[in-house]
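Working notes, structure below.
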Amino acid sequence: MHDARIVEALDTFRIELPSWGFADTGTRFGKFVQPAAASTIDEKFSDAGQVHALTGVCPTLALHVRWDFPDGLESAGQIAGLVKRYGVKPGSINPNLFEDQIYKFGSFGNPDEPTRARALQHTKDSIQIARRVNSRDISLWFADGSNYPGTANIRQRRSWFEQGLKAAHAALDANQRLLVEYKPFEPAFYHTDIADWGMALMLARAAGRQARVLVDTGHHYLSQNIEQIVAWLLAEGMLGGFHFNDRRYADDDLTMGSIDPYQVFRIFHEILYFEWETGSRADIAYMIDQSHNLKGKIEAMIQTVTLAQELYAKAALVNSAALAAAQTACELVKAESLLQDAFATDVRPVIRDWRVSKGLPADPMAAFRESGYLERITASRASRKPANVSSYA
Ligand code: RM4
Ligand code: MN
Ligand code: MN
């Protein structure tokens with residue numbers, strides 16, 4: 001009974017890898033360069049292909065336009081070959097509206113009209129790239145905001161955001177989606193233009209029918225109840241996807257579930273409970289948004305994916321019917337225990353069996369360490385690594 005529920009959950013659970021998670025990235029204080037880090041789109045697909053080959057649940061790779069499509073649409077031409085060669089497809093397409101010098105005072109919210117137009121054009125170009133590489137989701141994160149009180153017209157910028165998002169939405173194909181991410185602070189510290197889920201929800205609604213909210217688990221204030229936000233967005237039909245990571249303080253981008261695995265479990269539980277109640281699957285893109293500065297990048301991704309699978313499988317063990325009954329009867333201890341017992345169950349043996357039944361290695365991490373892949377890429381990539389890397393990814 002237990003096992004069947006775990007197997008069903010594993011059969012459907014997929015999670016997207018970020019291309020920037022395989023590249024050399026750092027903190028704002030600097031980068032520690034890893035000889036094995038990927039620096040080309042080919043290498044990023046190759047590394048993601050390894051993670052997918054070993055885990056079987058990462059068929060897509062999120063791409064960042066500036067870092068992965070340096071020549072815009074022209075760079076998209078090579079993607080089909082990479083898909084064939086490495087066995088992973090492009091996932092969400094992420095425009096970059098924060099690194100160019102022109103974005104010093106914002107992108108969609110910039111008081112300068114030509115800059116807003118450039119930002120919109122870049123977003124439309126990104127939609128075009130997504131179309132070319134068969135990606136459904138265009139995922140928007142804005143660094144827009146201000147550092148000091150009085151320096152920005154908050155309402156005016158809100159209205160520019162509405163206009164920009166509407167115009168971007170108008171460029172979508174019928175099957176594409178616009179995901180709107182929010183973040184309470186950083187790099188702007190006084191106000192960010194899309195600071196929380198409510199603002200993202202209102203802007204997504206204003207943008208058009210194919211816009212949804214993206215929840216990055218690191219983009220909340222400490223102790224915020226993220227699963228409640230998830231439940232509300234599900235009820236509103238507006239939850240588009242996740243950027244998973246964990247944190248102690250802010251947007252730390254630590255390994256998913258490393259600090260608070262129960263939080264991730266509770267998020268998955270809300271989703272599965274919604275699906276049980278409605279009898280329909282929530283159309284959610286599960287994505288990882290982590291770029292490890294210290295951990296080995298491929299190992300960190302395998303670790304993340306396997307933990308994500310475990311937490312999802314545990315959440316699938318919650319008996320929804322019994323929970324609904326306990327909630328209605330206000331049997332608090334019984335209701336809470338249903339979550340706690342599921343969370344405490346060791347699902348790893350069943351997951352190992354599931355992997356073997358799919359022809360996958362029972363232990364993806366051990367298989368990776370034995371494969372010799374890391375040694376091969378370390379040798380082949382080390383020599384041509386620039387000593388000084390300045391771009392984020
Ligand atoms: C942001 C946010 C975005 C990511 C950038 C690089 O904090 O999480 O999703 O693309 O970082
Ligand atoms: Mn994110
Ligand atoms: Mn972030």
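Ligands are counted one by one from 1 in listed order, and the atoms in each one are counted from 1 as well.
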### Query
Is there an N/O/S atom in Asp251 at a distance below 2.8 Å from the Mn ion (ligand 2)?
no

### Query
Is it true that Tyr262 and Phe242 fall in one hydrophobic cluster, defined by side-chain heavy atoms closer than 4.5 Å?
yes

### Task
Heavy-atom contacts with Asp216 under 4.0 Å: which atoms of ligand 1 show up? List them by number with element.
8 (O)

### Task
Please state whether the rings of Phe13 and Tyr286 are parallel, tilted or perpendicular, taking 30° and 60° as the class boundaries.
tilted

### Query
Quick one: which ligand 1 atoms are inside 4.0 Å of a heavy atom on His219?
2 (C), 7 (O), 8 (O)

### Message
Can you classify the ring geometry of Phe161 versus Phe142 as parallel (below 30°), tilted (30 to 60°) or perpendicular (above 60°)?
### Response
perpendicular

### Closest to atom 2 (C) of ligand 1 (judged by heavy-atom distance), picking from Gln290, Lys183, Met287, Glu181
Glu181

### Query
Relative to ligand 1, is Asp251 under 4.0 angstrom through side chain, backbone, both or neither, heavy atoms considered?
side chain

### Query
Can you hop from Val83 to Met287 via hydrophobic side chains spaced under 4.5 Å?
no

### Task
Mind checking the CD1-CD spacing from Ile194 to Glu181? Nearest 0.5 Å is all I need.
9.5 Å

### Task
Could you list which atoms of ligand 1 come closer than 4.0 Å to a heavy atom of His64?
10 (O)

### Query
Who gets closest to atom 4 (C) of ligand 1 by heavy atom: Leu214, Leu140, Thr217, Asp289?
Asp289

### Query
Tell me, which N, O or S atom in His219 is closest to the Mn ion (ligand 3)?
NE2

### Heavy-atom neighbours of Trp276 CH2 exceed 12 at 6.0 Å
yes

### Query
Does Asn94 have a heavy atom less than 4.0 Å from any atom of ligand 1?
no

#### Entry: With the Mn ion (ligand 2) as the apex, the ND1/OE2 angle for His243 and Glu181 - to 10°
100°

### Query
To the nearest 10 degrees, how large is the angle at the Mn ion (ligand 2) between Asp216 OD2 and Asp289 OD2?
100°

### Query
His243 heavy atoms, cut-off 4.0 Å: which ligand 1 atoms fall inside?
9 (O)

### Cationic N near anionic O, under 4.0 Å, Arg212 to Asp283
no

## Note on the structure
d(Thr345 OG1, Gln340 CD) to nearest 0.5 Å is 11.5 Å

